[in-house]
Engineer: 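Would you mind keeping the following structure in view while I ask a few things?
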Number of protein chains: 2
Amino acid sequence: MDLFVSKYINKIDKKGRVSLPSSFRNVLPKANRNEIILYKSIKTPSIEGCGVGRLKEIAKRINNLDFFSEDYDDFSTSIFSEIITTNIDKEGRFLIPEELKLYASIKTEAAFFGQGHYFQIWEPKKGQKNTEDSRRRLLKEKKSLRMMLTQQK
Amino acid sequence: MDLFVSKYINKIDKKGRVSLPSSFRNVLPKANRNEIILYKSIKTPSIEGCGVGRLKEIAKRINNLDFFSEDYDDFSTSIFSEIITTNIDKEGRFLIPEELKLYASIKTEAAFFGQGHYFQIWEPKKGQKNTEDSRRRLLKEKKSLRMMLTQQK
DNA sequence: CATATACCCATTGACGCCCATATAATCCCA
DNA sequence: TGGGATTATATGGGCGTCAATGGGTATATG
């Protein structure tokens with residue numbers, strides 16, 4: 001499986017380390033399996049993460065913008081300076097920077113939610129509530145959910 | 001990682017030395033790991049820096065402007081003639097020239113902002129404010145920032 | 001000779017690496 | 001197929017190394 005799926009709740013130890021779920025580690029390319037990038041989610045009080053490969057794609061995209069435009073600076077500031085790379089140790093653990101923990105209200109436990117090509121890290125209770133809310137929103141438009149699930153090809 | 005990423009705030013000591021963040025040093029090619037270039041940012045009161053290799057890229061960008069335009073002269077004058085090369089000592093520190101510190105209002109602390117293929121050095125508070133402003137501008141076009149981050153392939 | 005800058009050494013705290021354990025998952029063979 | 005044995009994962013902790021920082025001294029450069 002090359003997608004981040006499922007949900008896991010892991011503990012953060014005294015040193016601030018937390019295990020990246022094993023199934024998530026396996027999604028990372030063998031080449032860069034010991035490094036991930038983290039950044040604040042745009043829409044929710046959660047942290048998003050993925051392998052570094054994705055960052056290189058983003059870099060390429062930004063590089064294609066007009067170098068002297070304001071957008072160029074805005075994108076590169078909002079993205080590059082806000083992205084944090086963090087190393088995964090031999091046991092599969094990594095450190096969540098203090099600033100990101102604050103942003104997501106994470107203290108002693110971290111809930112990992114697979115999101116396909118990336119994943120989110122939530123404070124467990126908030127994550128749970130978010131799941132319920134988003135399901136509720138979807139059900140309001142049952143039709144579109146049904147379409148999503150049953151649509152062929 | 002071969003990109004300048006993340007944000008760091010380092011102290012400037014009595015002698016004017018400041019550490020280039022370790023992760024930034026690692027971006028520099030092993031060959032010229034003890035030398036960087038600095039210049040005034042065109043658009044903001046900050047200093048921009050990168051490895052010497054990047055000079056060629058900058059030249060290319062400027063060359064792509066209309067040769068007879070005013071911009072061409074302005075850019076090539078503002079950038080090339082003002083570029084300063086600086087050496088990094090054994091401990092990874094370097095000196096920020098007085099003129100550049102003045103330009104960026106930097107006194108006792110320097111905030112390093114990764115920008116992909118280069119980085120910016122700001123007076124911490126101004127840098128913080130710039131990040132917020134730039135994010136605010138982008139959020140007005142929510143779609144584009146989200147696209148930048150989540151678009152596949 | 002005076003000032004600026006490079007090199008050397010020292011300190012502190014953070015982080016990575018190693019080893020250890022408990023629980024859970026998987027295997028394997030009789 | 002049952003159940004012990006093996007392996008993997010999550011977690012805890014010791015310790016060495018490295019990054020950031022401070023300061024003394026040599027060296028250069030005008």
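Residue numbers begin at 1 in each chain, while the letters A, B, ... track the order of the sequences.
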Engineer: Would you tell me if any nitrogen or oxygen in the side chain of K11(A) comes within less than 4.0 Å of OP1 or OP2 on dA10(D)?
Structural biologist: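 No, because none of the side-chain N or O atoms of K11(A) sits under 4.0 Å from OP1 or OP2 of dA10(D).
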Engineer: Would you kindly give the CG-to-C1' distance between D13(B) and dA4(C), to the nearest whole Å?
Structural biologist: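 About 13 Å, once rounded to whole Å.
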Engineer: Tell me whether the side-chain N/O atoms of K15(A) come closer than 4.0 Å to OP1 or OP2 in dG13(D).
Structural biologist: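 No.
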Engineer: Would you say Q115(B) and S76(A) are linked by a side-chain donor-acceptor pair, where the criterion is simply a distance under 3.5 Å?
Structural biologist: yes
Engineer: With sugar-phosphate meaning primed atoms plus P, OP1 and OP2, does I88(B) contact a base, only sugar-phosphate, or nothing at under 4.0 Å between heavy atoms?
Structural biologist: nothing
Engineer: Compare the minimum distances between each of dA6(C), dG23(D), dA19(D) and the side chain of N87(B), then state the nucleotide with the smallest one.
Structural biologist: dA6(C)
Engineer: Do any side-chain nitrogens or oxygens of S22(A) fall under 4.0 Å of OP1 or OP2 in dT9(D)?
Structural biologist: yes
Engineer: Taking everything shown except K43(B) itself, do over 12 heavy atoms lie less than 6.0 Å from its NZ?
Structural biologist: yes
Engineer: Return the value, rounded to whole Å, for the distance between atom CG of N26(B) and atom P of dC18(D).
Structural biologist: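 One finds 12 Å between P of dC18(D) and CG of N26(B), rounded.
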Engineer: Nearest nucleotide by nearest heavy atom, which residue falls closer to the 5' end of DNA chain D, K14(A) or G92(B)?
Structural biologist: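 Closer to the 5' end of DNA chain D: K14(A).
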Engineer: Distance check needed: dA20(D) P versus F24(B) CZ, whole Å only.
Structural biologist: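 F24(B) atom CZ is separated from dA20(D) atom P by 11 Å.
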Engineer: Check every atom of dC7(C), dT21(D), dA10(D) against the side chain of K90(B) and return the nucleotide holding the closest atom.
Structural biologist: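 The closest nucleotide is dC7(C).
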Engineer: If you take atom types as modelled and just measure distance, does the side chain of R93(B) reach the base of dG22(D) with a donor-acceptor pair under 3.5 Å?
Structural biologist: yes
Engineer: Using whole Å, report how far CG of D89(B) lies from P of dC9(C).
Structural biologist: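 Going from D89(B) (CG) to dC9(C) (P), I get 14 Å.
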Engineer: Between dT3(C) atom C1' and E98(B) atom CD, what is the distance in whole Å?
Structural biologist: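 After rounding, the reported distance stands at 14 Å.
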Engineer: Please state how far atom CZ in F112(A) lies from atom C1' in dT11(D), giving the value in whole angstrom units.
Structural biologist: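 Value for this atom pair: 13 Å.
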Engineer: Any side-chain N or O of R17(A) less than 4.0 Å from the OP1 or OP2 oxygen of dA14(C)?
Structural biologist: no
Engineer: Nearest whole Å is fine: how far is dA10(D) P from I12(A) CD1?
Structural biologist: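 Atom-to-atom, I12(A) to dA10(D), this comes out as 14 Å.
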Engineer: Indicate whether any N or O donor in one side chain lies under 3.5 Å from an N or O acceptor in the other, for Y39(B) and E48(B).
Structural biologist: yes
Engineer: Between F113(B), F119(B), F24(B), W122(B), which is the residue that forms a ring-ring contact (aromatic ring centres under 6.0 Å, His included) with Y8(B)?
Structural biologist: F24(B)
Engineer: Please determine whether any donor N or O and acceptor N or O are separated by less than 3.5 Å between the side chain of E91(A) and the base of dC17(C).
Structural biologist: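 Flag unset: no donor-acceptor pair detected.
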Engineer: Taking the side chain from R93(B) and the backbone from L20(B), do they hold a donor-acceptor pair closer than 3.5 Å?
Structural biologist: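 Not at all, since once roles are kept as given, no pair shorter than 3.5 Å links the two residues.
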Engineer: Report the distance from atom OH of Y8(B) to atom P of dC18(D), rounded to the nearest whole Å.
Structural biologist: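 Result: 18 Å.
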